[in-house]
Amino acid sequence: MTYFAFMGALEQGFAYGFLVLGVYLTFRVLDFPDLTVDGSLPLGAAVSAVAITAGYDPFLSLLFALLAGFLAGVVTGVLNTKFGILHLLASILTMIALYSVNLRIMGRPNITLLGKSTILEPLTNAGIGMFNAAPLLFGLLSSLALLFLLWLLHTAFGLAMQATGVNPQMITSQGVNTDRVIILTVGLSNGLAAVSGALLCQSQGAADVNMGVGTIVAGLASVIVGETLFGCRSIGRALLAALLGSVLYRLTIALALSLKLGSFSLTPSDLNLLTALLVVAALTLPKLRGKVFSR
């Protein structure tokens with residue numbers, strides 16, 4: 001693996017770190033299988049690209065993306081809690097609708113940011129190369145998001161969120177409105193996914209309506225890999241494992257794509273296959289290890 005490939009993997013790992021933290025909230029904390037992120041990630045990219053093109057500050061466009069993703073998640077939460085639609089189906093419906101919404105926002109399938117200011121411009125103007133600036137800034141931002149979630153999960157709302165995922169009947173008997181907890185948590189998760197889309201859009205210089213395809217699989221793979229390698233005995237450790245899992249997942253993919261066995265080599269078209277194999281390995285290795293140790 002070359003240095004540029006390594007730094008590029010770090011950049012993507014930290015950029016997708018927001019999405020992975022959001023996936024952790026819904027799948028692990030809330031026990032809510034949410035596929036909306038496949039649509040909310042390109043939603044964040046579309047909103048950020050349109051805002052920057054319209055002359056807004058690139059950092060402000062991240063806030064716009066966060067709000068747009070939050071609203072998308074709220075729609076999924078409302079469909080589930082207020083209309084009684086199964087959570088998985090509700091998220092699929094929202095994801096499908098967001099494809100048209102994203103096209104409507106951008107006015108075309110993709111938008112380029114060539115010649116436009118991005119959040120990386122201050123660092124590059126200071127003499128830091130693009131390949132170093134992006135991992136540095138994205139790593140800082142994702143670490144701040146981790147600290148925010150760590151604080152949030154220790155608040156009264158965070159404890160209600162955890163209790164809703166474990167035993168909704170019990171927490172309802174304590175007077176907690178579980179519908180509101182679900183709506184806000186799914187909204188926050190998709191807001192984080194939208195920020196990932198905005199970061200990727202600004203680092204890659206373009207937003208595309210199809211850039212969210214397979215996002216949920218990559219997010220789950222990162223969470224599972226992180227938990228398998230780093231453990232999840234506490235909330236702080238689980239959040240850190242999710243973020244590190246995102247980075248490690250991207251590094252693993254970059255390493256696999258750089259390997260060559262004679263005339264055979266993997267291509268980007270094999271990414272979904274690599275992701276599936278990685279998830280299978282992460283799920284089965286702990287069980288195999290447990291059987292070996294038990295013997």
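Just the heavy atoms: all of them, side chains too, but no hydrogens, waters or symmetry mates, feed the values below. Quick caveat: nothing in here was measured; it's all calculated off a predicted structure.
Remark: side-chain polar atoms of Ser40 are not paired, donor with acceptor, to backbone N or O of Leu43 under 3.5 angstrom. Checking side-chain atoms of Asn80 against main-chain N and O of Leu86 turns up no donor-acceptor pair under 3.5 Å. Using a distance-only test at 3.5 Å, with no hydrogens or angles considered, a donor-acceptor pair links the side chain of Thr124 to the main chain of Glu121. Of the possible polar contacts, one joining the Asn177 side chain to the Arg180 backbone as a donor-acceptor pair under 3.5 Å is found. At least one donor-acceptor pair under 3.5 Å links the side chain of Ser189 to the backbone N or O of Gly22. Under the 3.5 Å distance criterion, the side-chain polar atoms of Asn167 are left unmatched by any main-chain donor or acceptor of Ala163. Thr94 places a side-chain N or O within donor-acceptor distance of the main-chain N or O of Ala90, the cut-off being under 3.5 Å. Although no hydrogens or angles enter the test, the distance criterion places no donor-acceptor pair under 3.5 Å between the side chain of Ser48 and the main chain of Ala45.
Taken together through direct or relayed side-chain contacts under 4.5 Å among Ile, Leu, Val, Met, Phe, Trp and Tyr, Tyr3 and Phe138 form part of one hydrophobic cluster. Under a hydrophobic clustering in which Ile, Leu, Val, Met, Phe, Trp and Tyr are joined whenever their side-chain heavy atoms come within less than 4.5 Å, directly or via other members, Phe131 and Leu113 fall into different clusters.
Remark: Phe27 pairs with no residue by the ring-ring contact (aromatic ring centres under 6.0 Å, His included) rule, at least two apart or across chains.
Note on Glu227 versus Arg28: salt bridge recorded, some NZ/NE/NH1/NH2 to OD/OE distance being below 4.0 Å.
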